[in-house]
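Report on the following structure.
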2 protein chains.
Amino acid sequence: MSTRDRLVESTRELLRERGYTGTSPKAIQQRADAGQGSMYHHFAGKQDLALAAIDRNAEELTAKAERELDSPGTPAERIATWLRREREVLKGCPMGVLVQDPEIIASPTLRSPIAGHFDWIRGRLTEILAEGGLDPRLADTFLAVLQGGYVLARAAGDPKPFADAVEGAIALLERATAE
Amino acid sequence: MSTRDRLVESTRELLRERGYTGTSPKAIQQRADAGQGSMYHHFAGKQDLALAAIDRNAEELTAKAERELDSPGTPAERIATWLRREREVLKGCPMGVLVQDPEIIASPTLRSPIAGHFDWIRGRLTEILAEGGLDPRLADTFLAVLQGGYVLARAAGDPKPFADAVEGAIALLERATAE
DNA sequence: GTCTATAAATTGATAGAC
DNA sequence: GTCTATCAATTTATAGAC
């Protein structure tokens with residue numbers, strides 16, 4: 001892996017572990033085993049690195065969601081498959097965590113690619129819900145169950161609230177579908 | 001308001017605006033119009049101030065939720081009333097925002113009072129769901145809808161995803177209840 | 001492309017006068 | 001109780017040699 005790539009990967013890890021505000025360029029350099037000068041050669045600064053990391057996150061997460069949401073089955077089944085994907089819950093959502101960071105919220109440059117990613121999933125979910133004749137607002141409901149599940153699990157230090165939130169939501173969806 | 005109280009209130013505001021990692025003692029002092037020495041006279045340091053702020057948050061939020069969840073009506077109606085309370089969505093949940101902060105997650109001292117607050121609401125919701133013969137896992141589902149709604153709204157810079165997530169969840173609950 | 005040196009600002013506190 | 005002075009460490013870079 002190139003020095004540049006190592007810097008991006010280190011930034012991705014650190015943003016998830018420590019947030020944007022809590023991540024220093026120094027920490028990124030150390031984890032990537034790159035020098036100060038090397039980092040500032042490849043990137044303009046901390047924000048520029050974060051942008052590259054967010055873009056990579058979006059690519060990866062989009063690919064995963066696409067696979068699950070396009071799998072065979074009824075709309076409700078496909079949504080359940082996506083909701084039930086294994087996640088490293090206690091680490092937080094790579095994108096969701098960033099949205100709570102004050103410096104990211106304050107910076108349109110950093111916030112908009114994250115917003116764009118959520119917009120994409122919302123749109124895809126809305127299409128699938130329409131197929132099933134389901135309430136389009138449920139796109140945000142299910143997205144929120146995931147994002148909120150992360151929050152509850154992290155507060156508790158235990159993935160259980162996440163699992164319960166997801167299974168409760170799926171049970172409601174199945175009820176609404178069964179008729 | 002006493003200097004001590006002003007310090008706690010300033011800390012509450014700043015924790016919500018800038019998170020724990022992003023809040024400096026200096027900023028707290030300036031907003032409270034208190035000197036350095038004054039702050040360190042009343043509190044042992046930043047963590048001690050945050051604890052006082054979290055405790056106040058818990059008191060206030062518990063009182064509000066208690067009122068709504070104990071109001072007259074069916075279980076589903078009481079939960080809907082609580083979900084629909086007006087919230088300053090774009091500012092984030094005073095507790096939920098903190099849970100995404102790396103330093104808070106890493107500190108049992110700071111995390112446990114927050115966990116305790118969520119435990120309390122979860123318990124109260126579980127009782128109400130039991131009254132209605134509803135799936136107990138829905139306690140986490142509805143809590144997650146709120147917490148996740150905040151995340152989506154902040155990402156979008158718009159309270160709409162929060163409102164849609166909540167209304168979608170209530171629609172599902174009403175369906176599950178109607179029989 | 002990578003390195004070391006330097007730097008201005010901020011962070012979270014402590015010390016001690018008043 | 002409140003103030004100012006001081007401090008060691010860290011933060012986010014920039015400069016310039018190699």
Side-chain angles (χ1 to χ4, degrees), chain A residues 1-56 97-98 100-111, chain B residues 1-55 97-98 100-111 113:
Chain A
M1 199 160 28
S2 69
T3 297
R4 200 201 138 90
D5 287 345
R6 286 204 317 280
L7 284 164
V8 174
E9 288 311 305
S10 299
T11 304
R12 292 219 290 156
E13 290 171 16
L14 284 163
L15 285 184
R16 191 170 184 184
E17 291 171 22
R18 316 230 355 112
Y20 183 80
T21 301
T23 295
S24 69
K26 190 182 183 180
I28 294 172
Q29 294 151 27
Q30 288 174 339
R31 187 168 299 203
D33 197 25
Q36 185 101 322
S38 188
M39 191 201 96
Y40 282 103
H41 170 73
H42 290 288
F43 297 93
K46 182 180 170 179
Q47 169 173 298
D48 194 29
L49 264 159
L51 273 178
I54 290 170
D55 283 349
R56 277 293 297 137
V97 163
L98 296 181
Q100 303 282 40
D101 192 290
E103 295 186 50
I104 293 206
I105 283 295
S107 156
T109 310
L110 290 170
R111 189 176 58 77
Chain B
M1 199 161 27
S2 69
T3 297
R4 200 200 138 90
D5 287 345
R6 286 204 318 281
L7 284 164
V8 174
E9 288 310 305
S10 300
T11 303
R12 293 220 289 156
E13 291 172 15
L14 284 164
L15 286 184
R16 191 170 184 184
E17 290 170 22
R18 317 235 348 117
Y20 183 79
T21 301
T23 295
S24 69
K26 190 181 183 180
I28 295 172
Q29 294 151 26
Q30 288 175 339
R31 187 168 301 201
D33 197 25
Q36 186 102 321
S38 188
M39 190 200 97
Y40 281 103
H41 170 74
H42 290 289
F43 297 93
K46 182 179 169 178
Q47 169 172 298
D48 194 29
L49 265 159
L51 273 177
I54 289 169
D55 284 349
V97 163
L98 296 180
Q100 303 283 38
D101 192 289
E103 296 187 50
I104 292 206
I105 281 296
S107 156
T109 309
L110 290 170
R111 188 176 57 77

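Quick caveat: nothing in here was measured; it's all calculated off a predicted structure. Order of the sequence lines fixes the chain letters, A, B, ..., with proteins taken first and strands second; residue numbering starts at 1 for each chain.
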Length of the [atom1]-[atom2] vector between [X] and [N], whole Å:
X: A:Asp5; N: C:dG1; atom1: CG; atom2: C1'; result: 15 Å
X: B:Gln36; N: C:dA17; atom1: CD; atom2: P; result: 18 Å
X: A:Gln29; N: D:dT10; atom1: CD; atom2: P; result: 14 Å
X: A:Lys26; N: C:dC3; atom1: NZ; atom2: C1'; result: 16 Å
X: A:Phe43; N: C:dG1; atom1: CZ; atom2: P; result: 12 Å
X: B:Leu14; N: C:dG12; atom1: CG; atom2: P; result: 12 Å
X: A:His42; N: C:dC3; atom1: NE2; atom2: C1'; result: 13 Å
X: A:Arg4; N: C:dT2; atom1: CZ; atom2: C1'; result: 16 Å

How would you label the contact of B:Gly37 with the nucleic acid (heavy atoms, under 4.0 Å): base, sugar-phosphate, or nothing? base
Spacing of CD1 belonging to B:Ile54 relative to CZ belonging to B:Arg12, to within rounding of 0.5 Å: 11.5 Å
Could you tell me if the side chain of B:Leu49 sits less than 4.5 Å from the side chain of B:Met39, heavy atoms only? yes
B:Val8 versus B:Phe43: any side-chain heavy-atom pair under 4.5 Å? yes
Mind running side chain to side chain contact (heavy atoms under 4.5 Å, CB included) on A:Thr11 and A:Thr23 for me, showing each step along the way? CA-CA 8 Å; A:Thr11 304; A:Thr23 295; 5.7 Å; no
Phosphate oxygens OP1/OP2 of C:dG12: is one of them under 4.0 Å from a side-chain N or O of B:Lys46? yes
Any A:Thr3 side-chain nitrogen or oxygen under 4.0 Å from OP1 or OP2 of C:dT2: yes
I want to verify a distance call: between [options], whose nearest atom is closest to the [X] side chain?
X: B:His41; options: C:dT11, D:dT2, D:dT12; answer: D:dT2
X: A:Ser38; options: D:dT14, C:dT2, D:dT2; answer: C:dT2
X: B:Tyr40; options: D:dT12, C:dT11, C:dA13; answer: C:dA13
X: A:Ser24; options: D:dT2, C:dG1, D:dT11; answer: D:dT11

Sidechain-backbone polar pair: A:Thr21 side chain, B:Gly22 backbone, donor-acceptor under 3.5 Å: no
